[in-house]
Asker: 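Pasting a structure below so you can have a look.
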Amino acid sequence: MIGILGGTFDPIHYGHLRTALDVQQHLGLEQIRLIPLRDPPHRTQPTLSAAQRLALLHAAVDDNPLFHIDTRELERSGKSYTLETLQSLRRELPEETFCLLLGSDAFNGFHTWHRPEAILGLAHLVVMQRPGEPEPARYHEQLTHDPEALKRQAAGLVLALPVTQLEISATRIRELLRHGQSPRYLLPDAVLELIRRRRLYPSG
Ligand code: ATP
């Protein structure tokens, strides 16, 4: 089973990395694919270019073989639709089971994505919940709390998984940098070092 975490990663931070590792350990995933978006359909454009965000991703995970940076959305023109990404992954890895990792905020908007039912035909969803958070409000019929269930069918389940949440967002990190303050300990040192060296997110 492969976990897929899509995002703008503007920049990548410990909120992404730690929760992805939590999920990996709960489910025994063989790999986590970080898939940076080129042109997000649901939000404003990232601050940094694709090449800059990619360089930060490499600084964050190149020393950990569990993480794999997948650039297919950066190489594709047009909006970055998850369905297209999963279709191309399925063509490459026909026997693989894919688990799409979503924060509860992302899951709450999932029904508005491009062809959500088709996405569920190709992957399981893993909703990374805060402990004590209410049940996902949609997709009751597909809902499970049993990680083992994901091994028994190829796609189509929604696993609600309580994971340790870190109150870290890329927005907050960008704000700190803009105000000349340090975001240290919210993201890997190697990422911060590269941000400083290349003068990304300048202050002032
Ligand atoms: P921004 O603040 O710019 O909106 P972000 O920090 O939310 O960015 P994204 O790249 O948009 O980061 O997030 C990609 C995915 O990671 C989304 O599914 C999001 O829910 C999840 N995510 C982001 N931050 C956290 C966090 N602290 N804990 C758990 N999941 C997170």
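Heavy-atom basis, side chains included; hydrogens, waters and symmetry copies ignored. One-based numbering, in listed order, for ligands and for the atoms of each.
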Asker: Can you check whether Phe9 has an N/O within less than 3.5 Å of an N/O in ligand 1?
Answerer: yes
Asker: Taking only heavy atoms of Gly7 into account, list the atoms of ligand 1 that are under 4.0 Å away from them.
Answerer: 10 (O), 14 (C)
Asker: What are the atoms of ligand 1, with element, lying closer than 4.0 Å to any heavy atom of Arg174?
Answerer: 3 (O)
Asker: Select the closest option to atom 23 (C) of ligand 1 among Arg53, His16, Glu167, Met128, judged by heavy-atom distance.
Answerer: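 Answer by nearest heavy atom: His16.
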Asker: From atom 7 (O) of ligand 1, is the closest protein heavy-atom distance below 4.0 Å?
Answerer: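 Neighbour list for atom 7 (O) of ligand 1 is empty of protein heavy atoms (cut-off 4.0 Å).
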Asker: Give me the nearest non-hydrogen protein atom to atom 31 (C) of ligand 1 as residue plus atom name, then the distance to 0.1 Å.
Answerer: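 Here the nearest protein heavy atom works out to Gly15 O, 4.2 Å.
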Asker: For ligand 1, which atoms sit closer than 4.0 Å to a heavy atom of Ile168?
Answerer: 24 (N), 26 (C), 27 (N)
Asker: Less than 4.5 Å apart, side chain to side chain, heavy atoms only: is that true for His179 and Ser203?
Answerer: no
Asker: Does the side chain of Leu159 reach to within under 4.5 Å of the side chain of Leu27, using non-hydrogen atoms?
Answerer: yes
Asker: Can you name the nearest heavy-atom pair linking Cys99 to Val126, along with the distance?
Answerer: CB-CG2, 3.9 Å
Asker: Table please: side-chain donor-acceptor pairs of residues 87-96 below 3.5 Å, with sequence neighbours left out.
Answerer:
from  : atom 1 : to     : atom 2 : distance (Å)
Ser88 : OG     : Arg72  : NH1    : 2.8
Ser88 : OG     : Thr85  : O      : 3.2
Arg90 : NH1    : Leu93  : O      : 3.3
Arg90 : NH1    : Pro94  : O      : 3.3
Arg90 : NH1    : Glu96  : O      : 2.8
Arg90 : NH2    : Glu96  : O      : 3.4
Arg90 : NH2    : Leu122 : O      : 3.2
Glu92 : OE1    : Arg72  : NH2    : 3.2
Glu92 : OE2    : Arg72  : NH1    : 3.1
Glu92 : OE2    : Arg72  : NH2    : 3.4
Glu96 : OE2    : Met1   : N      : 3.2

Asker: Considering only protein heavy atoms, which is closest to atom 1 (P) of ligand 1, and at what distance to one decimal place?
Answerer: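 Answer, as residue, atom name and distance: Thr171 OG1, 3.3 Å.
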Asker: Can you list the ligand 1 atoms lying under 4.0 Å from a non-hydrogen atom of Asp105?
Answerer: 20 (O)
Asker: Report the part of Gln165 in contact with ligand 1, treating N, CA, C, O as backbone and CB onward as side chain, heavy atoms under 4.0 Å; options are side chain, backbone, both, neither.
Answerer: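 Contact part for Gln165 vs ligand 1: side chain (C-beta onward).
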Asker: Distance-only criterion, 3.5 Å: show the donor-acceptor pairs between side-chain atoms of residues 136-143 and protein atoms not counting sequence neighbours.
Answerer:
from   : atom 1 : to     : atom 2 : distance (Å)
Arg138 : NE     : His111 : ND1    : 3.3
Arg138 : NH2    : His111 : NE2    : 3.3
His140 : NE2    : Ala137 : O      : 3.4

Asker: Going by the order shown, which atoms of ligand 1 are within less than 4.0 Å of some heavy atom of Thr19?
Answerer: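 Those qualifying, in numeric order: 28 (N), 29 (C), 30 (N).
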Asker: Would you check if Phe9 and Pro46 make a side-chain contact, meaning some heavy-atom pair closer than 4.5 Å?
Answerer: no
Asker: Using a strict cut-off of 4.0 Å, indicate which atoms of ligand 1 neighbour a heavy atom of Gly103.
Answerer: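 Reading through ligand 1 atom by atom, the close ones are 18 (O), 20 (O).
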Asker: Just to confirm my output: which protein heavy-atom neighbour is closest to atom 4 (O) of ligand 1, and how far is it?
Answerer: Arg43 NH1, 3.0 Å
Asker: Show which atoms of ligand 1 fall inside a sub-4.0 Å distance from at least one heavy-atom site of Ser169.
Answerer: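 Per the distance check, 2 (O), 6 (O).
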Asker: Please tell me if the side chains of Glu84 and Glu73 come closer than 4.5 Å, counting only heavy atoms from C-beta onward.
Answerer: no
Asker: Counting only heavy atoms, which portion of His13 has something under 4.0 Å from ligand 1: side chain, backbone, both, or neither?
Answerer: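 The side chain, only.
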Asker: Side-chain contact, heavy-atom cut-off 4.5 Å: Arg196 with Ser182?
Answerer: yes
Asker: Mark up the atoms of ligand 1 that fall under 4.0 Å of a heavy atom belonging to Ala170, in ascending order.
Answerer: 1 (P), 2 (O), 3 (O), 5 (P), 6 (O), 8 (O)
Asker: Do Arg172 and Ile168 make a side-chain contact, defined as non-hydrogen atoms from C-beta onward lying under 4.5 Å apart?
Answerer: no
Asker: Starting at CD of Gln31, measure out to CG of Leu66 and round the result to the nearest 0.5 Å.
Answerer: 8.0 Å
Asker: Given Ile12, which of Leu17, Leu5, Leu187 fulfils the side chain to side chain contact (heavy atoms under 4.5 Å, CB included) condition?
Answerer: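 The option that passes is Leu17.
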Asker: Considering only non-hydrogen protein atoms, determine which one is nearest to atom 27 (N) of ligand 1 and report residue, atom name and distance to 0.1 Å.
Answerer: Leu166 O, 2.8 Å
Asker: Tell me the protein heavy atom at minimum distance from atom 15 (C) of ligand 1, and give that distance in Å.
Answerer: Gly6 O, 3.5 Å
